[in-house]
Amino acid sequence: MSETPPPTPDDLDGLSFAERVQRVVAAIPEGRVTSYGAVAAICGAPRAARGVGAVLNGLAPEEEVPWWRVVNRIGVLSIPAELGRRTLQRTLLVAEGVAFRTENQVEMERHLWPAGDEVD
DNA sequence: TAAATGACTTAGG
DNA sequence: CCCTAAGCCATTT
């Protein structure tokens, strides 16, 4: 059985890019992570990785979107440390059981979502 | 409407 | 693998 599969193009049909991003990120299971590019690809815009970051950056608290489960392609936390939010992201990920390779880099190959070879 | 910004990614050295 | 430069795109001013 598969765990919380990503939204299908049909589910995202009719939604704006920002809505799609929120929908996809909301589907990331606890303890799993993905990259901005992967989210963009699922949204149907593989080149819009930066756009994903823009959407997450403008998220309102009431959106309740697990933005901390999105890192860059190599698993590094792309949030500016000056704002202090990067530390929050690391704390949230650790609390979910995500293993870190370094202080700012997660084992994204181990926690990557969606799973690459998941056969039922 | 146009210009600037940034929580990205890829290509070259 | 690390660093630099260029490309890409949605959001914000």
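Numbered from 1 within each chain, the chains take letters A, B, ... in sequence-line order.
Note that the first and last nucleotides of DNA chain B, 5' to 3', having any atom under 4.0 angstrom from a heavy atom of chain A are dG6(B) to dT10(B).
Under the 4.5 Å side-chain contact rule for hydrophobic residues, I79(A) and V76(A) do not share a cluster.
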Could you go step by step and tell me if L93(A) and Q89(A) meet the side-chain contact (heavy atoms from CB on, under 4.5 Å) rule? CA-CA 6 Å; L93(A) 288 174; Q89(A) 181 175 26; 4.0 Å; yes
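Nucleic acid contact for N57(A): base, since at least one base atom lies under 4.0 Å from a heavy atom of the residue. Residue A18(A) is in sugar-phosphate contact alone, with no base atom involved, counting any heavy-atom pair closer than 4.0 Å across all strands shown. Residue contacts shown for Y36(A) include a base, since a base heavy atom lies under 4.0 Å away. Looking at heavy-atom distances under 4.0 Å, R47(A) makes contact with sugar-phosphate atoms alone, never a base.
Residue A48(A) is the one, among G58(A) and A48(A), whose nearest nucleotide of DNA chain C lies closer to the 5' end (criterion: closest heavy atom). In terms of position along DNA chain B, the nucleotide closest to G51(A) lies nearer the 5' end than the nucleotide closest to the other residue of the pair G51(A) and R73(A).
Note that CD of Q105(A) and CD of E107(A) are 8.0 Å apart. Values are rounded to the nearest 0.5 Å.
Looking only at side-chain heavy atoms (C-beta outward), P6(A) and V24(A) stay at 4.5 Å or farther from each other. A heavy-atom distance below 4.5 Å is found between the side chains of R85(A) and N57(A).
Across the protein-nucleic acid pair, Q22(A) atom CD and dA10(C) atom P stand 15 Å apart, rounded to whole Å. Per the geometry, CD belonging to E19(A) stands 15 Å off P belonging to dA10(C), to the nearest Å.
Between V98(A) and V106(A), the shortest heavy-atom distance links the atoms CG1-CB, 4.0 Å.
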